[in-house]
Chemist: 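What follows is a structure written as structure tokens; I'll ask about it next.
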Amino acid sequence: MSEVLTDTMWQAIVTCDSSHDGTFFYGVSTTGIFCRPSCKSRTPAKQNIRVFRNARQALTQQYRPCKRCRPDGIRLQGEEWVDQIAGWIREHYAEPITLDRLADTFHAGASHLQRTFKRLQGESPAVFLQQIRLFKAQEMLESHDLTISEIADRIGFVNAAHFSTLFVTKTGITPSQYRDKQAIDSVDRKADNR
Ligand SMILES: [Zn+2]
């Protein structure tokens, strides 16, 4: 259960009043992130706010600490390490990346790495990698230089069918439909500019 949002609390949130820091924390139900009253992030819609007495209460309800105001106190241990891992995945997304390879590269046990990454990054390394690959695929589809199977290959998929299936799961359309749609959109844009 969360606490009642009083007018004083709401004012503290709106004005980023640091004198209330430590007296309560607020989470935003739409983002699943929680903050200190003084946090400088955009003020959320009032109805989405959940109030907590302490950080533990927020964490128990599956809220994640805001990276900006650090409501959990300290800079989380391992954060720099996770940033490095994320950076490495961004560079090497086209290669076969497994949890074991990450664990080897970053000198850690696989389950420790998985847990720490997920806690600080908000998703597992596998999901993070998948998001990057899909993003790159969309860029390549928009540029029209490569066939779908070439794209699948370049973003690290062993087979194009697997890539297409994942693409459909995540975006609701096939890679070729995505490509066609981009082409139509750009024609529309040109027409609008006339
Ligand atoms: Zn915050």
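Keep in mind that the numbers below use all heavy atoms, side chains included, and drop hydrogens, waters and symmetry copies. Read the numbers this way: they start at 1 and go in the same order the structure lists the ligands and their atoms.
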Chemist: Does the Arg133 side chain pair with the main chain of Tyr93, one donor and one acceptor, at a distance under 3.5 Å?
Modeler: yes
Chemist: Scan for ring pair (Phe, Tyr, Trp, His ring centres under 6.0 Å) pairs involving residues 146-176, sequence neighbours excluded, and state none if there are none.
Modeler: Phe157-His162, Phe157-Phe163, Phe163-Phe167, Phe167-Tyr178
Chemist: Where is the tightest heavy-atom contact between Arg53 and Thr23, given as atom of each residue plus distance?
Modeler: NH1-O, 3.6 Å
Chemist: Can you count the protein N/O/S atoms lying under 2.8 Å from the Zn ion (ligand 1), leaving waters out?
Modeler: 4
Chemist: So, using side-chain contact (heavy atoms from CB on, under 4.5 Å) as the criterion, who are the partners of Ser143 when residues are at least two apart?
Modeler: Asp145
Chemist: Please output the side-chain donor-acceptor pairs of residues 102-115 that fall under 3.5 Å, not counting sequence neighbours, one pair per line with the distance.
Modeler:
{"from": "Thr105", "atom 1": "OG1", "to": "Arg101", "atom 2": "O", "distance (Å)": "2.7"}

Chemist: Could you check whether Phe52 and Phe24 have their ring centres less than 6.0 Å apart?
Modeler: no
